[in-house]
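Below is one structure, written out as structure tokens, with a few remarks after it.
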Amino acid sequence: MDSIYKRLGVPTLINATGPATRLSGSLLPAEVTEAMKEASQYCVDMTELQARASQIIAEITGAEAGYVTSGAAAALLLGTAACVAGLDPSRMSQLPDTRGMKNEVIIVRSQRNSYDHAVRSVGIRLIEVGLPDRFSGAGVRDAEAWEIADAITERTAAVYYVATLRALPSLEEVVQVCRSREVPVLVDAAGQLPPASNLKKFIDQGADLVAFSGGKAIRGPQSTGILCGRKDFISSAALQHLDLDVVDELWQPSDHLIDRGQLPGIPHNGIGRPCKVGKEEIVGLLTAIRLFVDQDPAIRKAEWMRLLGALVESAGVLGRGELSLVEQPEGSEVPQVELKLLQDEGLSAMSLLRALQESRPSIQANPSRVREGILIFSPQCLRDEDPAIIGQRLRALLSK
Ligand SMILES: *Cc1c(COP(=O)(O)O)cnc(C)c1O
């Protein structure tokens, strides 16, 4: 059967990069697409659907509450907006103009990244702290907890912390300095899955809010994410995200998500309203996350190893490069194949990457280490037939 993409005239590609947004995220399990199809055939009250999502996410993450967003970046925007506006409708309506509000967010300088635009878009100013001299060659230090403590003022709305294996200071240390000053900690854990235990870890360590991507390892719809954490912040995020074109006398949001009694009035459509999430996406994400936490990690890993093993076998011995199957790459639970080009063979990793990209179908290897002469192949978004196609292509390009 022709795929929908063939009918549209858009070529599909072999995604050996992993669930990158520009390459359309992950491949959805059939249960997820079935659930989305079913969800699309009924109408529901979106606040009730998000309230139920909140309970399910709370149960899975151990947080007080949760919310389905249109991606981890949207979760960062909403989480920041919640820290700035709290449950004050007039503040919500004023954003991104933050005059008169706490409008500074502290970030460790080495954690600056292209997604912090989502945090900045709320109208706050990022306050960078620390000297990341462990990246300079000479140094051994990064930001330290006392420097974060030093940067906290009455204008501090939150600390934005990007969780990675080697992030410094540790989240626990950051939480410790923030707790005593009542400054919330917003954690970007977009790419920290698997292991599934990380769904609970950052909340356990004391984060007030945590953002995850739904379209990466969870294998939910590409345009989904999760925000979980303190109930008052999740309420604020919901109020700044849901469509609030409502009539006062008729509006009865679920208590679990929004406590009307706490609100002096109903805010207008908020700063998060452009990050709309559809019912199909919410249902898809809830289905995907359940599958993700229920799946035995050993089975998931065996499936990845099978795909990568098939790739290596199909490529055979390459005259101009060496393939190795790395079962446990540093900082990742996902095995990968690494291809190192033999230097004296005069082919650059960049030109090989380009040749693969220009193959038909296009093969997209992970370029993150191309400047070291290494191409990475991830199993996460490979279809069953892909390893053999990649292997044959590598053989054609790299035989002597
Ligand atoms: C992928 C990623 C994001 C963005 O996630 P989306 O779900 O695509 O919005 C944010 N932060 C980090 C660290 C990421 O890896």
Side-chain angles (χ1 to χ4, degrees), residues 53-69 72 75-76 78-80 82-83 105-108 111 113 115 119 142-145 148-149 152 156-214 216-218 220 224-238 256-257 285-286 288-298 300 328 330-334:
S54 176
Q55 291 172 326
I56 293 168
I57 293 167
E59 179 205 317
I60 288 174
T61 60
E64 287 173 12
Y67 198 77
V68 181
T69 66
L76 295 174
L78 290 170
T80 306
C83 292
V105 172
I106 296 170
I107 184 170
V108 168
Q111 295 182 9
N113 67 87
Y115 300 104
V119 173
D142 201 322
E144 291 171 23
I148 294 176
I152 294 175
T156 306
V159 170
Y160 164 45
Y161 185 90
V162 184
T164 54
L165 201 63
R166 289 199 277 175
L168 287 173
S170 71
L171 180 57
E172 287 107 321
E173 288 176 280
V174 174
V175 165
Q176 203 178 6
V177 295
C178 290
R179 274 279 162 82
S180 56
R181 312 284 288 274
E182 292 186 23
V183 171
V185 179
L186 166 63
V187 173
D188 179 352
Q192 296 305 298
L193 303 172
S197 56
N198 278 358
L199 284 164
K200 287 200 161 91
K201 178 175 160 186
F202 309 109
I203 291 288
D204 276 349
Q205 291 178 339
D208 296 276
L209 286 168
V210 184
F212 293 102
S213 228
K216 292 180 180 170
I218 292 175
T224 57
I226 292 170
L227 182 66
C228 61
R230 257 168 61 181
K231 189 176 169 191
D232 55 335
F233 286 144
I234 296 297
S235 279
S236 173
H256 181 78
L257 193 61
L285 183 275
L286 294 177
I289 193 171
R290 186 68 80 193
L291 288 171
F292 177 72
V293 294
D294 286 349
Q295 188 179 37
D296 179 351
R300 184 156 51 221
Q328 183 93 50
E330 197 196 334
S332 171
E333 298 262 315
V334 185

Item checked: Closest non-hydrogen atom pair, Ala157 against Cys83 -> O-CB, 3.6 Å

Notebook entry, point to check: Does any non-hydrogen side-chain atom of Leu209 lie less than 4.5 Å from one of Thr80?
Noted result: no

Checklist line | Exercise: identify the closest heavy-atom pair between Leu199 and Phe212 | finding: CA-CZ, 3.7 Å

Next item on the list: Report the residues that fulfil side-chain hydrogen bond (donor to acceptor under 3.5 Å, both in side chains) with Thr61, sequence neighbours left out, ordered by chain and then residue number.
Entry: none

Next item on the list: Evaluate the side-chain contact (heavy atoms from CB on, under 4.5 Å) criterion for residues Phe292 and Asp294: first the C-alpha distance (whole Å), next the side-chain angles of each, then the deciding distance (0.1 Å), finally the verdict.
Entry: CA-CA 6 Å; Phe292 177 72; Asp294 286 349; over 6 Å; no

Check: Where is the tightest heavy-atom contact between Ala207 and Val175, given as atom of each residue plus distance?
Finding: N-CG2, 4.1 Å

Margin query: For the CD1 atom of Ile152 and the CD1 atom of Ile106, what is their distance to the nearest 0.5 Å?
Written below: 5.0 Å

Margin query: For the backbone of Lys231 and the side chain of Glu64, can you confirm whether one donor and one acceptor N or O come within less than 3.5 Å of each other?
Written below: yes

Item checked: Gln192 CD to Leu165 CG distance, which is reported to the nearest 0.5 Å -> 7.5 Å

Checklist line | Inter- and intrachain pairs under side-chain hydrogen bond (donor to acceptor under 3.5 Å, both in side chains), touching residues 159-169, at least two apart | finding: Asn113-Tyr160, Tyr160-Asp188

Next item on the list: List the atom of Ala145, the atom of Pro169, and the distance in Å for their closest heavy-atom pair.
Entry: N-CG, 3.9 Å

Margin query: Between Ser170 (side chain only) and Glu173 (backbone N and O only), is there a donor and an acceptor less than 3.5 Å apart?
Written below: yes

Next item on the list: Quick one: pull up SG in Cys178 and CD1 in Ile148 and give me the separation to the nearest 0.5 Å.
Entry: 6.5 Å

Check: Can Cys228 and Ile203 be said to form a side-chain contact (heavy atoms from CB on, under 4.5 Å), step by step?
Finding: CA-CA 8 Å; Cys228 61; Ile203 291 288; 4.2 Å; yes

Next item on the list: Specify the closest pair of heavy atoms between Ala63 and Ala58, including all atoms of both residues, with the distance to one decimal.
Entry: O-CB, 3.3 Å

Note to self: Just checking Gln205: does its CD atom have more than 12 heavy atoms from other residues, nucleotides or ligands closer to it than 6.0 angstrom?
What the structure shows: yes

Next item on the list: Applying side-chain contact (heavy atoms from CB on, under 4.5 Å), run through Val187 and Asp208 and close with a yes or a no.
Entry: CA-CA 8 Å; Val187 173; Asp208 296 276; over 6 Å; no

Note to self: If I take atom CZ from residue Arg300 and atom CD from residue Glu333, how far apart are they, to the nearest 0.5 angstrom?
What the structure shows: 9.0 Å

Next item on the list: Verify, without hydrogens or angle tests, whether Ser235 (side chain) and Leu257 (backbone) share a donor-acceptor contact under 3.5 angstrom.
Entry: yes

Item checked: Val159 vs Leu186 side-chain heavy atoms within contact, under 4.5 Å -> no

Next item on the list: Determine yes or no for a side-chain-to-main-chain donor-acceptor pair under 3.5 angstrom, with Thr224 supplying the side chain and Gly220 the backbone.
Entry: no

Check: Rounded to the nearest 0.5 Å, how far does CD1 of Ile289 lie from CD1 of Ile57?
Finding: 6.0 Å

Margin query: Looking at every non-hydrogen atom in both residues, tell me the closest pair between Ser332 and Val334 and how far apart they are.
Written below: OG-N, 3.0 Å

Next item on the list: Flag the pair Arg290 and Glu59 as a salt bridge only when some basic side-chain nitrogen lies within less than 4.0 angstrom of an acidic carboxylate oxygen.
Entry: yes

Checklist line | Euclidean distance, Ser197 OG relative to Asp204 CG, rounded to 0.5 Å | finding: 9.5 Å

Margin query: Under the side chain to side chain contact (heavy atoms under 4.5 Å, CB included) test against Ile218, which residue among Val293, Ile226, Leu291 passes?
Written below: Ile226

